[in-house]
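Below is one structure; the comments refer to it alone.
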Amino acid sequence: MTNPTAFIAPRTGKLIMRWLLFAILVAFALFYLIPLFVMITTSLKSLDEIRAGNLVALPVSVTFDAWRTAWASACSGIQCEGLRPYFWNSVLLTVPAVAISTLLGAVNGYVIAQWKFRGANLIFSLMLFGCFIPFQVVLLPMARTLGILGLAGTIPGLVFVHVIYGIGFTTLFFRNYYVTIPVELVKAAKVDGAGFFRIYWSIFLPLSLPILMVTVIWQFTQIWNDFLFGVSFSQAGTQPVTVALNNIVNSTTGVKEYNVNMAAAIIAAFPTLFVYAVAGKYFIRGLTAGSVKG
Amino acid sequence: MESMLEIQNLDKNYGTVEVLKNINVSAKTGDFLVLVGPSGCGKSTLLNCIAGLESISGGSIHIGGLDMTHVNPKDRNIAMVFQSYALYPTMSVANNITFGMKVRGVAKAERLSKLQSVAKQLQIEKLLDRKPSQLSGGQRQRVAIGRALVRDPKMFLFDEPLSNLDAKLRVEMRLEIKKLHHDLGATMVYVTHDQIEAMTLATNIVVLKDGLVQQIGSPDAVYRRPANLFVADFMGSPAMNLIPVKAISEGSVTRVQIKPAEGAPIELIDNFNGDLPEEVILGIRPEDIAEARLRAGEDTQRMKCRIDMVEPAGADTYVVSWLGGKQVTARLQSETKAKSGESLDLAFDFSKVSYFSKTTGERLN
Ligand SMILES: Nc1ncnc2c1ncn2[C@@H]1O[C@H](COP(=O)(O)OP(=O)(O)OP(=O)(O)O)[C@@H](O)[C@H]1O
Ligand SMILES: [Mg+2]
């Protein structure tokens, strides 16, 4: 009965398949990393070396001049202050916008999923609808609203825009997470005497880490990377980093400083990369995980 | 004894769906009230209404003599054990049990002493630091009961607390709940659709169907004298035999004509029940049909029946025959000589039979 070759053959077959799979995955990963590689190496070269050399070659002499310029003295239009002031604009705008929209989404999701009231589904559908409205459609009405509120051209104005635009998504995330939690939990807590916020704070919030991470990463990426709202609703001095990056790259004075452009692009992209690297495992977990098992 | 729970004319609608219709139920202090009924009949809804977790559309609820119709769950002086236990997943067992006291601002020393005494009572002292996900089904159930016990409530509400447990554990926990009820002397309202649980635990059973109360009575009354065909069929396993027969009443005596599987109707004399309409349904429990050679007496009537099936079930043997166009099951002693395909003399105990109207299904005797 026991035939050793029949036993071994499928195992070696499996092993080969496994290695083949790895090889293909590694090849794809390398392929996707090529642009990053080019960006990093270019940013570390001097302008002369770029003009002389090959695009994918490693830098002959590593220099951080381009990074310094990009950060502190690159010219966007008439100002030559680098990305620094705009980077801080982006931080000042993204942090409160992410925090507020996540918080509102969490409470919205909690109410819609666990405190079913008349019309809850209608409100949820409307919020969902909000997720599908293209940016461009809201530009004019939003400009008018910001004008009326006296927030036009300010960072709080941009925070406002991003919070409004983000609530649909954050509510969707939290609602879908909280509907999987049995309603009996709220009932038990009610009998125990806890109220709306106490139940949220003591029971739901501790369960929410994965979905909180998903929402924060999502919102952070959206808001940090946003260009359209940033360019439409800001003015000189309140522009976010994406707009400044665009201005630096497109400034037509003199030669194209590819190394500076590359460094600036990496600086502008760094925070989202960082957030994903730190919280990425929660992101995967939050997207796939259910919540509570009985 | 004083009345602990008084539900009057309770209605509950979800939009246009009437889930509970004109419910009138009461329980005295120390009663063990069991709500039974098929799935979707409104048992959980009724329990939630009593707890105040669902608002009611009409009627009133009094608990301990006070009108609680519009009072918050936390102020009703009740504790509830849920079907899924609803333990707080991120809290330890100890915190699960003390959460309610913490919310109500009970001092820490008292919280701890109550926790200790309840943990001891339920034998969960070793589990206090664990999370609910690290507990077995029976342990979770104990914790859920512990959470209810620390409240010292006037009334306990249980929503199918044993339905997630395996058969053996269910029997154990059933006994423990019975003991708990005995020790505490508290009023309990208990939902189940396991009718053995209902029979063994209840002082009173409420049978529900489609949001209507079918019968309220002691386990014995509900079992022996079901109020209608639904209750007769629902309570008991195997179910009560319900045989369409022709009844000819002469004063207090009735001649009952039963159609066997083949041949002319056979007439039996019921000396206990009279004044019946002609078309009735005879209800008789399987254990009230015996082997004639082992059981005689003037309350019984014999009849030769052809046996279609014999099902040994350990202590008893069930034999199935066809009468009046229906399967009729008799519960015989295991040493019976009944063989399928042969005839057997069966004795029907007419002192225990029920009669139901063929048109309304209501009890007639
Ligand atoms: N929120 C709701 N909206 C509409 N109908 C509901 C709602 N909750 C319950 N129902 C309906 O009310 C009826 C009674 O439900 P309930 O949960 O009380 O049944 P049950 O007797 O506890 O059943 P089970 O034995 O399956 O637990 C069901 O028909 C159910 O569909
Ligand atoms: Mg139920």
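Excluded from the calculations below are hydrogen atoms, water molecules and symmetry mates; all remaining heavy atoms, backbone and side chain alike, are included. In what follows, chains are A, B, ... by sequence order, proteins preceding strands, each numbered from 1.
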Would you name the heavy atoms of Ser202(A) and Met91(B) that are closest together and state the gap between them?
O-CE, 3.7 Å
Just checking Phe117(A): does its CZ atom have more than 12 heavy atoms from other residues, nucleotides or ligands closer to it than 6.0 angstrom?
yes
If you measure from OH on Tyr88(B) to CG on Leu207(A), what distance do you get to the nearest 0.5 Å?
12.0 Å
Within a radius of less than 6.0 Å around CD of Glu125(B), do more than 12 heavy atoms belonging to other residues, nucleotides or ligands occur?
yes
Starting at NZ of Lys190(A), measure out to NZ of Lys74(B) and round the result to the nearest 0.5 Å.
12.5 Å
To check you understand the geometry: which heavy-atom pair defines the closest contact between Val191(A) and Leu53(B), and what is its length?
CG2-CD1, 4.1 Å
Give me the atom names and distance for the closest heavy-atom approach of Pro89(B) to Leu185(A).
CD-CD2, 3.8 Å
Using non-hydrogen atoms only, which part of Met101(B) is less than 4.5 Å away from chain A: side chain, backbone, both, or neither?
neither
CG (Asp183(B)) with more than 12 external heavy atoms under 6.0 Å
yes
So what's closer than 4.5 Å to chain A heavy atoms on Ala144(B): side chain, backbone, both or neither?
neither
Trp88(A), CH2: over 12 other non-hydrogen atoms inside 6.0 angstrom:
no
Here the gap from Ser44(B) atom OG to Lys187(A) atom NZ, rounded to the nearest 0.5 Å, amounts to 7.5 Å
Can you tell which part of Leu157(B) gets under 4.5 Å to a heavy atom of chain A, answering side chain, backbone, both or neither?
neither
Does atom CZ of Phe274(A) have more than 12 heavy-atom neighbours, drawn from other residues, nucleotides or ligands, at distances under 6.0 Å?
no
Answer with side chain, backbone, both or neither: which region of Asn72(B) has an atom nearer than 4.5 Å to a non-hydrogen atom of chain A?
neither
Would you find more than 12 non-hydrogen atoms of other residues, nucleotides or ligands less than 6.0 Å from His62(B) atom NE2?
yes
For Leu140(A), does the CG atom sit with more than 12 other heavy atoms under 6.0 Å from it, leaving out its own atoms?
no
So which atom in Asp192(A) and which in Arg104(B) form the shortest heavy-atom distance, rounded to 0.1 Å?
O-NE, 4.0 Å
Winner by heavy-atom pair count (cut-off under 4.5 Å) against chain A, out of Lys102(B), Arg76(B), Arg151(B)
Arg151(B)
Between Glu184(A) and Tyr85(B), which heavy-atom pair has the shortest distance, and what is it?
OE1-N, 4.4 Å
Any donor-acceptor N/O pair, Arg147(B) side chain to Ala188(A) backbone, under 3.5 Å
no
